[in-house]
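Quantities reported herein were computed from a predicted structural model and do not represent experimental measurements. As a basis for the values below, the full set of heavy atoms in this structure was taken, side chains included, without hydrogen atoms, waters or symmetry mates.
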Amino acid sequence: MDWVARAESLLYDGEVIEADVRLDRGGVVVTSHRVLVFTPDREGSNYRQVDRPNVEGVDVTTSGDWSFLELGVKALVVGVVLVAAGMTVSLDSLVSNVSLDSGGAASAVGIGGMLGMLQTMLTLMAQLDDLMRLFGGLALAFAAVVLGVYLWSRDRLLVVRVAGDDDIELTAPDDESVVERIQAAIVPETPPSDAEGTAQPPPDDPLP
């Protein structure tokens, strides 16, 4: 149902429509008393009304799923640290010359199994820098995918700022003139004051 076209049915007695702007499936209707915002394409209620004095203005911003951004940044940091550590630290030279194979002497004293386990650990340590580079590269690839999803999820939003309440978000139009029309209808320009910008005293002021 096109409620923007049927906004007259929502008016109070004596209330008149001053401007209406369509935005995709919704839109904004500015009356002499209120701002009626229809958002059927957004989450939550399809309609909100705000008294004109409580509307502070209109902004255009972008928004996305912050969970993807947070996850992508964490994966990026982990990937950079692992790759940097793998490129900086070389464990091959530290353990390549270490050998715990003592022949039958270790078996004779009953520690052959323990020495074999330690030798296996040293072999794994020699490959640790390669593993850090490998997992660091995988973390960087994962970060690139997640950050790409975040950029894809970003929306350009038209935000009606409301004093003392949650702001209202709509899908922003590509035409900037539409935003200017809404801004001009909601917050009209202040009429010019006197030539010198000074306020005039009331007629009954004893000291004009």
Side-chain angles (χ1 to χ4, degrees), residues 1-77 146-208:
M1 180 179 293
D2 189 358
W3 279 105
V4 178
R6 301 184 57 185
E8 292 184 356
S9 62
L10 302 175
L11 300 182
Y12 301 146
D13 292 339
E15 187 177 14
V16 296
I17 294 177
E18 297 183 354
D20 64 276
V21 180
R22 298 177 183 274
L23 300 172
D24 292 336
R25 295 173 54 197
V28 178
V29 177
V30 181
T31 74
S32 55
H33 297 71
R34 299 171 296 164
V35 175
L36 313 179
V37 183
F38 302 92
T39 57
D41 57 342
R42 307 292 299 178
E43 295 183 359
S45 60
N46 294 334
Y47 164 69
R48 281 185 62 184
Q49 59 176 340
V50 185
D51 294 334
R52 288 282 293 271
N54 289 331
V55 180
E56 296 183 332
V58 178
D59 294 326
V60 176
T61 184
T62 54
S63 177
D65 192 337
W66 287 98
S67 61
F68 286 112
L69 178 61
E70 181 180 3
L71 181 60
V73 171
K74 289 181 179 179
L76 179 63
V77 172
V146 174
L147 291 176
V149 172
Y150 167 74
L151 294 175
W152 176 80
S153 69
R154 284 168 63 88
D155 292 328
R156 190 167 178 265
L157 299 177
L158 178 69
V159 180
V160 179
R161 291 183 284 108
V162 182
D165 202 348
D166 295 333
D167 296 337
I168 308 175
E169 297 180 349
L170 305 93
T171 302
D174 296 330
D175 189 354
E176 293 294 337
S177 63
V178 175
V179 180
E180 295 175 359
R181 285 175 53 198
I182 299 176
Q183 177 73 34
I186 294 179
V187 187
E189 295 183 0
T190 304
S193 58
D194 296 330
E196 297 183 358
T198 57
Q200 295 296 320
D204 57 350
D205 191 345
L207 298 174

(request) Kindly indicate whether the side chain of Ile17, heavy atoms from C-beta on, has any atom under 4.5 Å from the side chain of Val29. (result) yes
(request) Indicate yes or no: at least one non-hydrogen side-chain atom of Ile168 is less than 4.5 angstrom from one of Val50. (result) yes
Got a list of side-chain donor-acceptor pairs under 3.5 Å for residues 158-166, not counting sequence neighbours?
| unit_1 | atom_1 | unit_2 | atom_2 | d |
| --- | --- | --- | --- | --- |
| Arg161 | NE | Asp59 | OD2 | 2.6 |

(message) Closer than 3.5 angstrom, by distance alone: can the side chain of Thr39 be matched with the main-chain N or O of Glu169 as a donor-acceptor pair?
(response) no
(message) Applying side-chain contact (heavy atoms from CB on, under 4.5 Å) to Thr31 and Leu11, what does each step give before you reach the verdict?
(response) CA-CA 8 Å; Thr31 74; Leu11 300 182; 3.7 Å; yes
(message) Looking at Phe68, I'd like to know if its CZ atom is crowded, meaning that more than 12 non-hydrogen atoms belonging to other residues, nucleotides or ligands lie closer than 6.0 Å.
(response) no
(request) Applying side-chain hydrogen bond (donor to acceptor under 3.5 Å, both in side chains), name anything that partners Thr61, two or more places apart in sequence or on another chain. (result) none
(request) Taking all heavy atoms of Ser9 and all of Arg6, pick out the closest pair and write down the distance. (result) OG-O, 2.7 Å
(message) Once salt bridge (charged side-chain N to carboxylate O under 4.0 Å, His left out) is applied, what residue pairs with a partner in residues 29-38 remain, sequence neighbours excluded?
(response) Glu15-Arg34
(request) Drop me the distance from Asp20's CG to Ile182's CD1, to the nearest 0.5 angstrom. (result) 10.0 Å
(message) Could you measure the distance from the CD atom of Gln49 to the CG atom of Leu36? Nearest 0.5 Å is fine.
(response) 6.5 Å
(request) Using the test side chain to side chain contact (heavy atoms under 4.5 Å, CB included), find all partners of Leu147 that sit at least two apart in sequence or belong to another chain. (result) Leu69
(message) Quick check: closest heavy atoms across Ser32 and Gly14, and the distance to 0.1 Å?
(response) OG-O, 4.2 Å
(message) Can you list everything that forms a side-chain hydrogen bond (donor to acceptor under 3.5 Å, both in side chains) with Glu18? Sequence neighbours excluded, please.
(response) Arg52
(message) I need the full list of ring-ring contact (aromatic ring centres under 6.0 Å, His included) pairs touching residues 35-62, with sequence neighbours left out, sorted by first then second residue.
(response) Phe38-Tyr47
(message) Restricting to salt bridge (charged side-chain N to carboxylate O under 4.0 Å, His left out), what partner residues turn up for Glu70, sequence neighbours left out?
(response) Lys74
(message) If the condition is side-chain hydrogen bond (donor to acceptor under 3.5 Å, both in side chains), which residues does Arg22 pass it with, not counting sequence neighbours?
(response) Asp2
(message) Side chains of Val28 and Val30, heavy atoms from C-beta outward: is any pair under 4.5 Å?
(response) yes
